[in-house]
Amino acid sequence: MAKTILAVDDSGSLRQMVVFSLRAAGYQVTEAVDGQDGLDKAKTQVFDLVLTDQNMPRMDGFTLIRSLRALPTYQRVPILVLTTESSDEMKAKGRAAGANGWLVKPFDPQRLTEVVRKVIG
């Protein structure tokens with residue numbers, strides 16, 4: 001059975017690129033339009049990996065990560081941040097929230113799939 005990924009980003013075009021890249025690599029991908037939508041979907045299904053943007057309406061990525069880490073089923077699930085933010089300060093905040101890794105937009109689809117493969121196989 002294919003590994004499942006939750007892709008959370010308020011940009012429809014970026015989600016489309018992420019979904020296309022990951023599905024081509026054999027993953028099942030569920031989309032969420034913001035952090036709140038992502039949290040709602042994560043409560044109905046346990047994903048093998050969560051990929052989230054940081055800057056989103058309703059709920060930002062760090063709040064989503066902290067909310068997921070508070071759920072017993074998401075304490076060990078890898079969470080990667082995919083964002084335009086690249087400062088060391090933001091990365092430190094991401095780690096403090098519970099993120100396992102950081103990718104910067106614009107992303108290389110091949111690099112994305114390589115990182116995902118390393119993290120969840």
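These numbers come from a predicted model, not from an experiment.
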[atom1] of [X] to [atom2] of [Y]: how many Å apart, nearest 0.5 Å?
| X | Y | atom1 | atom2 | answer |
| --- | --- | --- | --- | --- |
| Leu82 | Met17 | CG | CE | 9.0 Å |
| Lys93 | Gln54 | NZ | CD | 8.5 Å |
| Leu80 | Thr52 | CG | OG1 | 10.0 Å |
| Leu51 | Leu22 | CG | CG | 7.0 Å |
| Thr113 | Tyr27 | OG1 | OH | 7.5 Å |
| Gln16 | Ser21 | CD | OG | 11.0 Å |

What are the two closest non-hydrogen atoms of [X] and [Y], and how far apart are they?
| X | Y | value |
| --- | --- | --- |
| Ala32 | Arg15 | O-CD, 3.3 Å |
| Asp37 | Arg58 | N-NH2, 3.7 Å |
| Ala25 | Arg117 | CB-NH2, 3.6 Å |

Scan for side chain to side chain donor-acceptor pair (under 3.5 Å) pairs involving residues 2-13, sequence neighbours excluded, and state none if there are none. Thr4-Asp48, Asp9-Lys105, Ser11-Ser13
For Arg23, give me all partners under salt bridge (charged side-chain N to carboxylate O under 4.0 Å, His left out), at least two apart in sequence or on another chain. none
Run the side-chain contact (heavy atoms from CB on, under 4.5 Å) test against Phe20 and tell me which residues pass, sequence neighbours left out. none
State which residues pass side-chain contact (heavy atoms from CB on, under 4.5 Å) with Glu114; sequence neighbours excluded, sorted by chain then number. Gln110, Arg111
Could you list who else is in Leu39's hydrophobic cluster, with ILVMFWY side chains joined at under 4.5 Å, directly or through other members? Leu6, Val8, Val46, Phe47, Val50, Met56, Met59, Phe62, Leu64, Ile65, Leu68, Leu71, Tyr74, Val77, Ile79, Val81, Met90, Trp102, Val104
Using a cut-off of 6.0 Å, state whether more than 12 heavy atoms not belonging to Lys91 lie near its atom NZ. yes
State plainly whether one hydrophobic cluster holds both Leu103 and Leu49, where clusters connect Ile, Leu, Val, Met, Phe, Trp and Tyr through side-chain heavy atoms under 4.5 angstrom apart. yes
Of all residues at least two apart in sequence or in a different chain, which pass the side chain to side chain donor-acceptor pair (under 3.5 Å) check with Asn55? Glu85
Mind checking whether Val116 and Val119 have side chains closer than 4.5 Å, heavy atoms only? no
Can you tell me if Arg69 uses its side chain to pair, donor with acceptor, with the backbone of Gly98 under 3.5 Å? yes
